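One structure is given below, encoded as structure tokens.
Lettering follows sequence order; numbering is per chain, from 1. Nothing here was measured: the structure is a model prediction, and the numbers come from that model.
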There are 2 protein chains.
Amino acid sequence: MTAPLHDPPPAGPGRALPDTQQGMRRRNLARVMHAVSSEGPLSRAAVASRIGLTRAAVSTLVDELIRSGLLQELGPERPGRVGRPGSALAVSGRGPAGVGAEVGVDHLAACVVDLRGEVRARAVRHGTNRGRAPEPVARDLTALISQVVAEAERQGLRPAGLAVAVPGLIARDGRTVVRAPNLDWHDTDLGALLPGGLPLTVDNEANLGALAELWLGEGTPPDFLHVSAEIGIGAAVVVDGRLLRGTRGFAGELGHVPVEPEGPACPCGGRGCLEQYAGEEAVLRAAGLEAGEGRVGLLATRAAEGDENVRRALRQAGTALGVALTGAVNLLDPEAVVLGGALAALAPWLLPSLEAELARRTAGPACPVSVSRLGPEGPLLGAAHAVVRAVLDDPAAAAGQS
Amino acid sequence: MTAPLHDPPPAGPGRALPDTQQGMRRRNLARVMHAVSSEGPLSRAAVASRIGLTRAAVSTLVDELIRSGLLQELGPERPGRVGRPGSALAVSGRGPAGVGAEVGVDHLAACVVDLRGEVRARAVRHGTNRGRAPEPVARDLTALISQVVAEAERQGLRPAGLAVAVPGLIARDGRTVVRAPNLDWHDTDLGALLPGGLPLTVDNEANLGALAELWLGEGTPPDFLHVSAEIGIGAAVVVDGRLLRGTRGFAGELGHVPVEPEGPACPCGGRGCLEQYAGEEAVLRAAGLEAGEGRVGLLATRAAEGDENVRRALRQAGTALGVALTGAVNLLDPEAVVLGGALAALAPWLLPSLEAELARRTAGPACPVSVSRLGPEGPLLGAAHAVVRAVLDDPAAAAGQS
């Protein structure tokens, strides 16, 4: 039904489509959708001038998008008037929608986002998934998904696809969880355990969090490094508005960049990896606290209260992040580093030492580090928006005309 | 005249062109050129089946490319026969050609490569450029360029552009050398000092070496990390057949990835950077040798003779490379690491410790490391081929029909 979500087309809408008359029409449909989506409401004439096609060509495309329920006309048409009225076009608040879901270590969640980017349904289930088998987790997640899908359908929305965020390495097939250490899942075909009927993609939570930042963040540049954490440390590299996935789909493993070549052994097989200094367990240990649920909140509370052990542990983690990020910045030359996920909540105590470390290792101006406003909501929103973007990138496919 | 070389279009030919009838024609011209270039000689029918257009459409495109001198027909057409003969098409050995040039620390070079990828003219001038001002170096390089261009023109070739490899950081304008420490050049507008008349691009030598590996290497995958060295250590990241340049054009600075966070200070402002362990000066120092010209050759000779000091120094450099590459591989998940430039000649003594270090820090199979066959020729060939690729990617522009 929709285009594959796992490798969405690059920045220019629909670039992957074949270069034929039919392909050109599909790309132009995408151009119209993107113009109205990012700048609408717009008149047909305004769309035509923005995308450089004639008004006649745009009208044909617009009519098709209205028929498919992807665009709608605002305001009443004046009856009796000859020719097309100048009424403004907007992206439909009904029609296709994106379903996002998240398997967190401590929670499950699902939501539906419409083509306008609004969250129209949302459901969360708290409770640890650590050590639970994939089957019961998938059953619980399926229940949440059914709930939000039913609610969205009641509102006249039509789910166009499902994307699921998982804290682990996902194969490039977009359905197999190769390794999720904090769930203790290995080589799990999660796609087979989730509801059929919708095009499905499973993706790494750090990837989806980075995409959310790209699409929803304020002033996020097209080239940035997104660093997030739930229990482990994840990162995602966005280049020219595209996620860098890597050959196996494993790119972004900043947590396993060596920070001290002969430091403590890491379960990944390495030594002195960043996760051994800045991962949740390492920080709790350094602060003299025990591991458990909701520990990031505890760290933030204690740090805010002035607990010097916690603050010192977070300063040390910031320094280690600074060393690893110096290497990443030298390799990738991003425009910015964005801290997201659980790191966003801890930023006040991580940032000073992190930025000092980056600055002292850089001759010129250091790469700017900012903090995501999406925080832990990023992966879930990124999942739903990935489906929405796929519809905008190839509206003809979403309308069943591929 | 030709498309800008500094940011060549991505894998699919001519993707950056506008999506109009005219743009479609230009992209299809590129498809024909790429098909004949990579699989030719081919008949019109074979081209049509490979690129999925009708034979009639292909014939029109082919006629245009023959008129522009980019394709030629092989074998005599049989006179008196009705309709188009089935004679095979090949890329022209005359017509447009790419001019490459290189500013090395110890030499200057220029060459001309035709659309078939053959080197048709070549000139080299040995002698150090360390500490020489940009103006006399540019004058000497211009003389070499004039020499190879004249030789190419005598052979019926028509230079379509000039690309110049420089061991330094190049701004994204493709002409300014921001910093070339081993030449002691800073903020030098090299473009202004080189001959006018041809579209010009200045690029980092590690970038051009990586592109040469991508285009000319045997079995080079589309996702790899290319590590090279002349005096410093450079690297280039190729993703999906595209060079990752970074926001400022500075991506690939593997030499400044921290290997020991509190190691020796580095001129870049950092501490314990890879270059402090595996750069030429560091290796010479560790081997008890003095810096000077041709030292890579000396290291290779001494290592081959069994000099234990040199071998130990190279082993240590390999270990440091392994630590930095572990981080890079975790971040980028490339399909392979390729050692090029001066590192290729030292590979027999670097590789064992480098691979051991990668393996001991990786739980699964480690990323394979291979050695470039192009060695120090890479940047010069990459420069000339960058011009050739730009012609193949937009033949209409090269034919003056843009």
Closest-packed option against chain B by number of heavy-atom pairs under 4.5 Å, given A/Gly327, A/Ala324, A/Gly270, A/Ala251 | A/Ala251
What option among A/Val257, A/Leu274, A/Val237 has the most heavy-atom pairs under 4.5 Å with chain B?
-> A/Val257
What option among B/His256, B/Arg248, B/Glu260 has the most heavy-atom pairs under 4.5 Å with chain A?
-> B/Arg248
Can you check whether A/Gly341's main-chain N or O pairs, donor with acceptor, with A/Ser228's side chain at less than 3.5 Å?
-> no
So, B/Thr247 side chain and A/Glu335 main chain: donor-acceptor pair closer than 3.5 Å or not?
-> yes
Where on B/Ala235 is there a heavy atom nearer than 4.5 Å to chain A: the side chain, the backbone, both, or neither?
-> neither
Could you look at A/Val323 and say if it's the side chain, the backbone, both or neither that has a heavy atom under 4.5 Å from chain B?
-> both
Top contributor to chain B contacts, counting heavy-atom pairs under 4.5 Å, from A/Gly269, A/Pro261, A/Gly252 | A/Pro261
Under 4.5 Å heavy-atom distance to chain B, tell me which part of A/Leu331 shows up: side chain, backbone, both or neither.
-> both
Do A/Arg172 side-chain atoms and A/Gly246 backbone N/O form a donor-acceptor pair below 3.5 Å?
-> yes
Given that the side chain runs from C-beta out, which part of B/Pro334 has a heavy atom under 4.5 Å from chain A: side chain, backbone, both or neither?
-> backbone
Answer yes or no: is there a donor N or O on one side and an acceptor on the other, between the side chain of B/Glu275 and the main chain of B/Ile233, under 3.5 Å?
-> yes
Salt-bridge test for A/Glu262 and B/Arg360: reply yes if a basic N is under 4.0 Å from a carboxylate O, no otherwise.
-> yes
Just by modelled atom types, is the B/Arg271 backbone N or O under 3.5 Å from a matching donor or acceptor in the A/Arg361 side chain?
-> yes
Which bit of B/Leu332 comes within less than 4.5 Å of chain A, counting heavy atoms only: side chain, backbone, both or neither?
-> both
Donor-acceptor contact below 3.5 Å, side chain A/Asp223 vs main chain A/Val239 = no
